[in-house]
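Have a look at the structure below, then the notes.
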Amino acid sequence: MGEKFEVGIDELFVVNVARTMRDRTTVFHGVSSPIPMVAMYYAKLTHAKDMVYFGGVSSAVDPNPPFFPPTTNDWVMIQGRTAMVTVDKIFDLAQRGELDRSFFSGAQIDKYGNQNVSMIGSPDRCKVKLPGGAGGCNLSGDCVNYTIWTTRHRAQKKGDRKFFTLVNKCDFVTNVGHVTPYGRREELDLVGNGPDWVVTELGVFDFDELTKTMRLRYLYPDTTVNDVLDSTEFEPIIHPNVGVMEMPTREEIEIIRRIDPLGIRKLEYPEQELARRFQI
Amino acid sequence: MGEKFEVGIDELFVVNVARTMRDRTTVFHGVSSPIPMVAMYYAKLTHAKDMVYFGGVSSAVDPNPPFFPPTTNDWVMIQGRTAMVTVDKIFDLAQRGELDRSFFSGAQIDKYGNQNVSMIGSPDRCKVKLPGGAGGCNLSGDCVNYTIWTTRHRAQKKGDRKFFTLVNKCDFVTNVGHVTPYGRREELDLVGNGPDWVVTELGVFDFDELTKTMRLRYLYPDTTVNDVLDSTEFEPIIHPNVGVMEMPTREEIEIIRRIDPLGIRKLEYPEQELARRFQI
Amino acid sequence: MGIYTERDKLVTMEEAASTIRDGDVVAIGGGLCMREPIAMLRELVRQGRRNLHIVGTAHGFDVDFACGGGIVGAVEETHVSFEQDFGLAPNYRRACETGQVRIKENCCNTVIMQLRASEFGVPFMPMRSIKGSDEIKLHPEFKSMIDPFTGKKIVLVPALTPDVAIIHAQKADIHGNLKILPPYVADVLFIRASKRVIVTAEEIVSEEEMIEDGPTIPYYETTAVVDAPFGAHPTSCYPYYAYDREHISEYMKSAKEGADAFKNRYLDKYVYGVKSAEKYLEKVGGNVKRERLASWKEGRERWMELFTYG
Amino acid sequence: MGIYTERDKLVTMEEAASTIRDGDVVAIGGGLCMREPIAMLRELVRQGRRNLHIVGTAHGFDVDFACGGGIVGAVEETHVSFEQDFGLAPNYRRACETGQVRIKENCCNTVIMQLRASEFGVPFMPMRSIKGSDEIKLHPEFKSMIDPFTGKKIVLVPALTPDVAIIHAQKADIHGNLKILPPYVADVLFIRASKRVIVTAEEIVSEEEMIEDGPTIPYYETTAVVDAPFGAHPTSCYPYYAYDREHISEYMKSAKEGADAFKNRYLDKYVYGVKSAEKYLEKVGGNVKRERLASWKEGRERWMELFTYG
């Protein structure tokens, strides 16, 4: 009480992702998703106790993993479960419009929320082969909504060039946002409603109803609107009431530290970001 | 040795049905199928030890039932099994062209092997509602081949009218033979090759290659070509070498009596047929 | 389909039945003589439900009883009979032949594929069998096309989404996790393809016991749970009991005689006048009967005997 | 698909691998860091197989190793990486970026639906997602149409029928019955959708033990069985062993350095020079390593330690 308590960006980020989840909904995380893994379990232990929590490709229902491993398909992730299903049944839920939320990232993300997880370059001239979207192409079409996250919003300067993650145009659209290269979601008869939140290490965004483009909603205590604009190739909408996000409590942060003793939530950051600390 | 040994029509019939099965094939029986049930297990114990034997809708693989019950969906039918599958997987096998044989009957059977298990009359004016074909409509299309059986080939005289099971035309085609009301199998792009054997209490038939119609191949020791013609509304082809079927051995008959102590193999006959006995 | 996250889904038989509406498309679990939710059907008859559209595969006592009880408007099963045990289904026949029930007979794998389409959230499934059969006459909703990959004729069968599945499970917990022992017949498909899933359970067990055992169906797929011991009688619910051939034999006698005989001698005796599970058990023979039906476990001879009563 | 009734399907790793032909479409079982048939892939590299067309969902070590071993011509997986554990897959990247491997990247549920079409024996499945994604560029074989039931745009994805599935199971008997412990990932689908199924098993058990246990896969779906203890290493095969992070770390160092480094420092050491399972175990750390990887059972702390080696 009254003591200072330090929180890392990694912990605050987990809370931001967790806040996009609601109780009594169904949620699933894909591969290469350490932050959503921790955030989902955290949400289940805090504000979303009756959330149906599918623990990744291992497809346990409501697991209670003793810790989080740095991979999504390990027996750790089926411990303490209520039931097992097979992973195809989770995709069925999504096709039926009954998977409420999933989590996707990308090496490139455009203002409509399209993401590239496949390649820099083109299929014929692939400069960098990225891992691939796993279930993202289907689930980004089918999920009721989904959360985009990236820990690499901050643009990288190399010489006099700047490299963006939030780009004007994806080289390749793996996961579909609101307006795809092939038309708007409604024109495509997709099942789901697309991304509704984007969590980055610089801020939290939703999407403008009219233009279906990213809109800045919350900043971190140590970031500004200019930081965001500097690191975003397109110009995001700035919400008129943009302000600093609500800080979590010490108890909430302690839950995160307890459930993730290996610190897999820290694996996705450029090293300098992890130095960011916040007092609560 | 040398002693007389009496065999019933029910036992001889089981042997005839069993003879349509081959080793190292996949076989399945449907509902309301006491004779195929006994015949399949008998075949598995005698000439078809490596036959993949699906014991009906209970969908056990290679069951060893302690006896046969008068229904096809009872825990009796999953005893001593190698594995369980779900019944939809057996239909998948069939759709892939990998279910080698199944067994169907009908209240009406025409010369092409079409069968009516659905109704006497028409959908609008249903005079007698029959049980329905269960999986027969699909499996008769998909199975590599199938065996038709009926214990009611002998026409019934009522007053001066004769009622046939082997009819000129089915009121309703439930299970498809070689030439359906909608065209030949090849025209319909069906997966399977249709019925290849018809076992009745009067004889055993195959199908003529050219006309795709029923052809008498074997008689019982106590039946004649005229008996068959008298009881068949259409005129079946008579094979030039038609003769009496080969008799089973005493050991074979004893297997049937041992595996079917409740005598479910006898349930399908008009009472007078069961009085028929044969010496071996 | 449908996601149900309530912690306590336990309701009475009356409450559960009252959520099923006249005209609903209803999938009845189990099959032939096994694990059919007969106690729920008795309650629907007591409540006077009307015009249910029954869907499923190969069934027997359940559909015949429901037709005799007057709650059915259409039957889209693939087979309804007592097999060679007791033969044709008398109430079902009568209902079809008088036009009281609309005949929508279907074929097992067609139903499976239609349920799969619903489970998978896709509009239809392509099939190659059905063609050549008059069953297509009973299903004007099916469509034909040329498969663009092979150039062959195929049939498209639309997703079949029952309004409600009623399933009798061996075990349930109050959260809705289910243990169903094989054969499942179409139960797992019904559960995943239907909008609502009402489960009557032979036993309600603790969530701990259920999780330890490994649920067949996870809780979120189940809408409501009813504690229903002996709830499949007179069909079987192994390992608790084999089917009651003696009872079915009595049933058949009145059902064959006609609608009035069936009402007076069967429905009045076992349905209208008997509301609780305890009373029903008493009426059908009490613990003596229950123990006899459980005696299949004692060996082959006892098990065989159960198929000769009646 | 395919029905295999041989009583004794036990063959050597060499024999089994030799039945896989250059250019075959191969489904590799397991996923990411779990239960991948790595011993079989090592044998395929030793035999110099070429131009395999790899299909599947989210994978890691297996596909990267196979690309590094030169046996792959096309990859139709949905994801290939070492996740945030070690990041991008170096051999896979190199193979894609140099054009040695054709990129046929796909999406998980599309693969599942294509495998289901093959399993169900139907020519295609209708889907609603895929639309809007550039992944459709990599799959000109997909077709679009208007759903005749709803009037909405749908995509038809054709049946995907691998020539062979290679699966690492916990247990097999010589007849081909398999016990696979969950998560199955796509293994059960692969088995039912593929023309041939080659199984490497951590343990060969008696048919009696297998039947008592209840097979996950019945014998007739399995083409050949190989006795392959430690056959998934360095991926995990619980309950026998967790994944070998120390080994993968060593692997990554040479793989990242380039094709030559990978050949000289990894393939020569662990593949070309090491033909038997015993020699391989010795090479990767012998019984000390094996016991360490089995120590996850001893509790949370020991299990956590296994994720910090290397």
Side-chain angles (χ1 to χ4, degrees), chain B residues 21-28 40 43-44 47-56 58-65 75 78-102 135 138-145 188-193, chain D residues 1-9 112-125 158-162 169 171-180 184 188-197 199 205-223:
Chain B
M21 299 175 225
R22 289 200 310 276
D23 201 9
R24 307 189 63 161
T25 60
T26 53
V27 296
F28 172 71
M40 282 166 73
K44 178 89 179 158
H47 68 276
K49 290 191 164 55
D50 288 330
M51 187 173 79
V52 183
Y53 159 36
F54 295 108
S58 304
S59 58
V61 177
D62 298 339
N64 282 293
W75 265 24
I78 65 171
Q79 303 302 305
R81 66 189 180 269
T82 294
M84 286 302 295
V85 292
T86 53
V87 69
D88 52 311
K89 300 302 171 196
I90 301 171
F91 287 103
D92 290 339
L93 274 185
Q95 288 199 124
R96 299 199 306 254
E98 295 181 341
L99 185 57
D100 291 306
R101 185 167 301 277
S102 197
N138 299 131
L139 291 176
S140 63
D142 287 334
C143 279
V144 175
N145 281 115
L188 297 171
D189 291 331
L190 290 173
V191 174
N193 303 314
Chain D
M1 56 173 58
I3 300 290
Y4 301 96
T5 60
E6 297 77 8
R7 287 267 161 189
D8 183 353
K9 295 171 179 166
I112 287 169
M113 293 295 274
Q114 294 188 265
L115 292 169
R116 281 174 169 171
S118 179
E119 177 185 2
F120 299 168
V122 299
F124 61 81
M125 283 278 153
L160 175 59
T161 304
K171 295 179 185 177
D173 65 25
I174 65 168
H175 199 190
N177 292 298
L178 307 182
K179 189 73 183 185
I180 304 178
Y184 303 140
V188 173
L189 276 167
F190 283 154
I191 288 170
R192 300 205 159 126
S194 300
K195 290 180 199 162
R196 298 171 64 249
V197 176
V199 176
V205 299
S206 72
E207 205 166 338
E208 292 69 35
E209 182 184 331
M210 175 62 71
I211 290 172
E212 177 68 27
D213 203 12
T216 316
I217 298 294
Y219 66 89
Y220 57 83
E221 302 191 318
T222 309
T223 317

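Residue numbers start from 1 in every chain, and the chains themselves are labelled A, B, ... in the order their sequence lines are given, proteins ahead of strands.
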Please look at S118(D) and chain B and tell me whether the side chain, the backbone, both or neither of the residue comes under 4.5 angstrom of a heavy atom of that chain.
-> backbone
Using non-hydrogen atoms and a 4.5 Å limit, figure out which bit of E6(D) sits close to chain B: side chain, backbone, both or neither.
-> both
Take atom CZ of R22(B) as the centre, draw a 6.0 Å sphere, and report whether it contains more than 12 heavy atoms from other residues, nucleotides or ligands.
-> no
Closest heavy-atom contact between I211(D) and R81(B)?
-> CG2-O, 3.3 Å
Short N-O contact, R96(B) and E119(D), less than 4.0 angstrom | no
Closest heavy-atom contact between M51(B) and Y219(D)?
-> O-OH, 4.2 Å
Could you go step by step and tell me if T25(B) and T5(D) meet the side chain to side chain contact (heavy atoms under 4.5 Å, CB included) rule?
-> CA-CA 8 Å; T25(B) 60; T5(D) 60; over 6 Å; no
Minimum-distance pair of heavy atoms, taken over all atoms of V85(B) and P218(D) | CG1-CG, 3.9 Å
So do the side chains of I3(D) and L93(B) get within less than 4.5 Å of each other, counting heavy atoms only?
-> yes
Mind checking the OH-OH spacing from Y220(D) to Y53(B)? Nearest 0.5 Å is all I need.
-> 14.0 Å
Compare every heavy atom of Q95(B) with every heavy atom of V122(D), then report the nearest pair and how far apart it is.
-> CG1-NE2, 3.9 Å
Side-chain ion pair, D92(B) and R192(D), N-O less than 4.0 Å | no
For chain D, find which of D142(B), D88(B), D50(B) contributes the most heavy-atom pairs closer than 4.5 angstrom.
-> D50(B)
Can you tell which of T82(B), V61(B), D62(B) has the highest number of heavy-atom pairs within less than 4.5 Å of chain D?
-> T82(B)
